[in-house]
K.L.:
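Below are the structure tokens for one structure; questions will follow.
Numbers here simply count residues along the sequence, with the first being 1.
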Amino acid sequence: MPAQKPFHPEELDLRTPWLAALLSWLIPGAGQFYQKRYVKAGIFSVCILGTFLYGVALGEGRPVYSSYYENRDGQIFRKRNYGYLSQILLGLPAMPAVIQSRRLESSVMSGSLLDVPLETEFEGRVLPDRDADDDVAPMGVRGTIRLQMEPGPLGPEVRGHLVGQVVETGEEIDVTLAEYQAANAPPVGPPIAADPERFVFMQVDDINAAPENLGRHLRGTVSRSFINWYQVPLQDQELQDLNSRLGKRWELAMVFTWIAGLLNILCIWDAYEGPAYGIRPRPPEEKPTPPKPVT
């Protein structure tokens, strides 16, 4: 029986280990790609980012946030989300939460509901007044809404225009809108918030075209741009709504994003130290020492 040849593990050039570790923190697998370990880079990237994105999808895009805001007796308190300490281990995929937290605070400090005119698709209902006749029923409406700030008797106020149709009958609707003065809620939701939908609550001010029994109160939503809701800190009520509506699914969404961050520790360590066994990192080449001159 022939003698087995001794196993000599292949040497591997880890290039600059600290840089590879940094790259793997920023994007899972990027450090291994930098070291030309393409198969392992693909495995780390697909598995870790796949786990993270699955958790994000389970939580409807909102399980990653650096803080949330709690309302206690009319006062708002900023609370830290300690689970984010695990999520930030993914680097760039979780880093927008830090930026969004600052953007939200700047937006709240400015106090402006409409920095620029808003023109977008709208869907909602027109409700009658409480003292309206019984034949005035809520109507579903959809169309294009335009909202902007205009001077008013008590200062700047939101005014608007809605052009569309009644959902139930297809009849044309063309109305101008004004703030509902008796409402406690603002006429339009804030520009930045952790919700893809932005509510609109306006009063029908003037009717250009509409069914005869149209109500006076417009309620509905418009879409918020992705950059204005993704990884934005949650308000206390939003967090309660997600827990109530999604139940265990919300908890699983959080856990999957935490697991992805913890798995990336292995990816970072592998980029810095190399494989645990089988392939040795190539030692740095030592320059030969020149011979001493003969005296």
Side-chain angles (χ1 to χ4, degrees), residues 57 60-62 96 100 103-104 106-108 110-130 132-133 135-235 237-238 241-242 245:
E60 298 182 350
R62 290 182 276 180
Q100 295 290 53
R103 290 187 68 224
L104 177 63
S106 298
S107 175
V108 171
S110 69
S112 177
L113 293 176
L114 289 172
D115 295 329
V116 295
L118 175 68
E119 185 170 0
T120 184
E121 295 300 311
F122 171 85
E123 185 168 354
R125 295 193 304 166
V126 180
L127 308 174
D129 291 323
R130 293 182 179 179
D133 297 335
D135 60 344
V136 180
M139 292 184 184
V141 294
R142 66 165 64 101
T144 302
I145 192 170
R146 178 178 174 83
L147 301 173
Q148 66 276 335
M149 299 296 295
E150 294 184 2
L154 300 177
E157 62 181 33
V158 179
R159 305 281 295 182
H161 187 206
L162 173 65
V163 177
Q165 62 182 8
V166 178
V167 175
E168 293 83 0
T169 63
E171 295 177 83
E172 181 185 0
I173 183 171
D174 184 349
V175 297
T176 58
L177 307 170
E179 288 190 23
Y180 181 42
Q181 302 297 335
N184 294 324
V188 61
I192 301 175
D195 192 334
E197 301 294 333
R198 186 177 183 183
F199 74 83
V200 174
F201 183 24
M202 299 284 288
Q203 180 176 345
V204 176
D205 187 45
D206 191 16
I207 299 176
N208 301 321
E212 293 182 1
N213 57 344
L214 184 72
R216 305 299 292 180
H217 301 156
L218 182 75
R219 288 178 180 265
T221 58
V222 296
S223 296
R224 204 177 254 114
S225 62
F226 180 78
I227 194 174
N228 284 338
W229 70 266
Y230 184 64
Q231 295 193 18
V232 170
L234 291 165
Q235 305 291 330
Q237 187 59 49
E238 293 167 342
D241 291 343
L242 285 168
R245 185 163 51 84

K.L.:
Closest approach of P117 and R146, non-hydrogen atoms and distance?
P.N.:
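Answer, listing the atom of P117 first, then R146: CB-NH2, 3.6 Å.
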
K.L.:
Verify, without hydrogens or angle tests, whether R219 (side chain) and L127 (backbone) share a donor-acceptor contact under 3.5 angstrom.
P.N.:
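Checked: no pair found.
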
K.L.:
Set out, in order, the CA-CA distance, both residues' side-chain angles and the distance that settles side-chain contact (heavy atoms from CB on, under 4.5 Å) for D195 and Q235, then state yes or no.
P.N.:
CA-CA 10 Å; D195 192 334; Q235 305 291 330; over 6 Å; no

K.L.:
Quick one: are M139 and N213 in side-chain contact, heavy atoms under 4.5 Å?
P.N.:
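Answer yes - side chains close enough.
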
K.L.:
For H161, which of D206, D174, T176 qualifies under side-chain hydrogen bond (donor to acceptor under 3.5 Å, both in side chains)?
P.N.:
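Per the side-chain hydrogen bond (donor to acceptor under 3.5 Å, both in side chains) rule, the option paired with H161 is D174, out of D206, D174, T176.
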
K.L.:
How close do V175 and A209 get, counting heavy atoms only, and between which atoms?
P.N.:
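Nearest heavy atoms, V175 then A209: CG1-O, 4.5 Å.
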
K.L.:
Would you call the rings of W229 and F226 parallel, tilted or perpendicular, taking 30° and 60° as the class edges?
P.N.:
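Taking F226 first and then W229, their aromatic rings stand perpendicular (interplane angle over 60°).
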
K.L.:
Backbone N or O of I227 within a donor-acceptor pair of the Q100 side chain at under 3.5 Å?
P.N.:
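The answer is yes, because a donor-acceptor pair under 3.5 Å joins these two groups.
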
K.L.:
Over 60° means perpendicular and under 30° means parallel, so tell me whether H217 and Y180 are parallel, tilted or perpendicular.
P.N.:
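Rings of H217 and Y180: tilted, 30 to 60°.
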
K.L.:
Only one of V222, L113, L114, T120 forms a side-chain contact (heavy atoms from CB on, under 4.5 Å) with L147, so which one is it?
P.N.:
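Single side-chain contact (heavy atoms from CB on, under 4.5 Å) partner of L147 among V222, L113, L114, T120: L114.
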
K.L.:
How far apart are the closest heavy atoms of R159 and A178, and which atoms are they?
P.N.:
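Smallest heavy-atom distance, with atoms named: NH1-CB, 3.0 Å.
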
K.L.:
Are L162 and M202 side-chain neighbours, meaning at least one heavy-atom pair lies under 4.5 Å?
P.N.:
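With C-beta onward as the side chain, the pair stays apart.
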
K.L.:
Output, in order, the C-alpha distance, side-chain angles, deciding distance and verdict of side-chain contact (heavy atoms from CB on, under 4.5 Å) for V167 and E123.
P.N.:
CA-CA 9 Å; V167 175; E123 185 168 354; 5.5 Å; no

K.L.:
Which value, rounded to the nearest 0.5 Å, describes the distance between R142 atom CZ and Q165 atom CD?
P.N.:
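So the CZ of R142 and the CD of Q165 are separated by 6.5 Å.
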
K.L.:
Hey, are the side chains of V126 and L218 touching, using non-hydrogen atoms and a 4.5 Å cut-off?
P.N.:
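Counting from C-beta outward, V126 and L218 do come under 4.5 Å.
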
K.L.:
State, yes or no, whether a side-chain contact exists between R103 and N228 at a heavy-atom distance under 4.5 Å.
P.N.:
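Result yes, sub-4.5 Å side-chain heavy-atom pair found.
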
K.L.:
Do P151 and P156 have side chains that approach each other closer than 4.5 Å (heavy atoms only, starting at C-beta)?
P.N.:
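No - every pair of side-chain heavy atoms lies 4.5 Å or more apart.
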
K.L.:
Is there side-chain contact between P191 and R198, with heavy atoms separated by less than 4.5 Å?
P.N.:
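They are in side-chain contact.
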
K.L.:
Could you tell me if the side chain of V204 sits less than 4.5 Å from the side chain of L177, heavy atoms only?
P.N.:
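They are in side-chain contact.
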
K.L.:
If I take atom CG from residue L214 and atom CZ from residue R216, how far apart are they, to the nearest 0.5 angstrom?
P.N.:
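The distance works out to 7.5 Å.
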
K.L.:
Which atom pair, heavy atoms only, marks the closest approach of P233 to E238?
P.N.:
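What the structure gives for the nearest pair is O-OE1, 4.3 Å.
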
K.L.:
Given side chains that start at C-beta, do those of E197 and S223 come closer than 4.5 Å, heavy atoms only?
P.N.:
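Yes. Closest side-chain heavy atoms under 4.5 Å.
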
K.L.:
Is a side-chain N or O of R224 found less than 3.5 angstrom from the main chain of P190, in a donor-acceptor match?
P.N.:
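Yes, because the side chain of R224 sits within donor-acceptor range (under 3.5 Å) of the backbone of P190.
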
K.L.:
When you measure from the side chain of E179 to the backbone of V158, do you find a donor-acceptor pair of N or O atoms at a distance under 3.5 Å?
P.N.:
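Answer holds: yes.
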
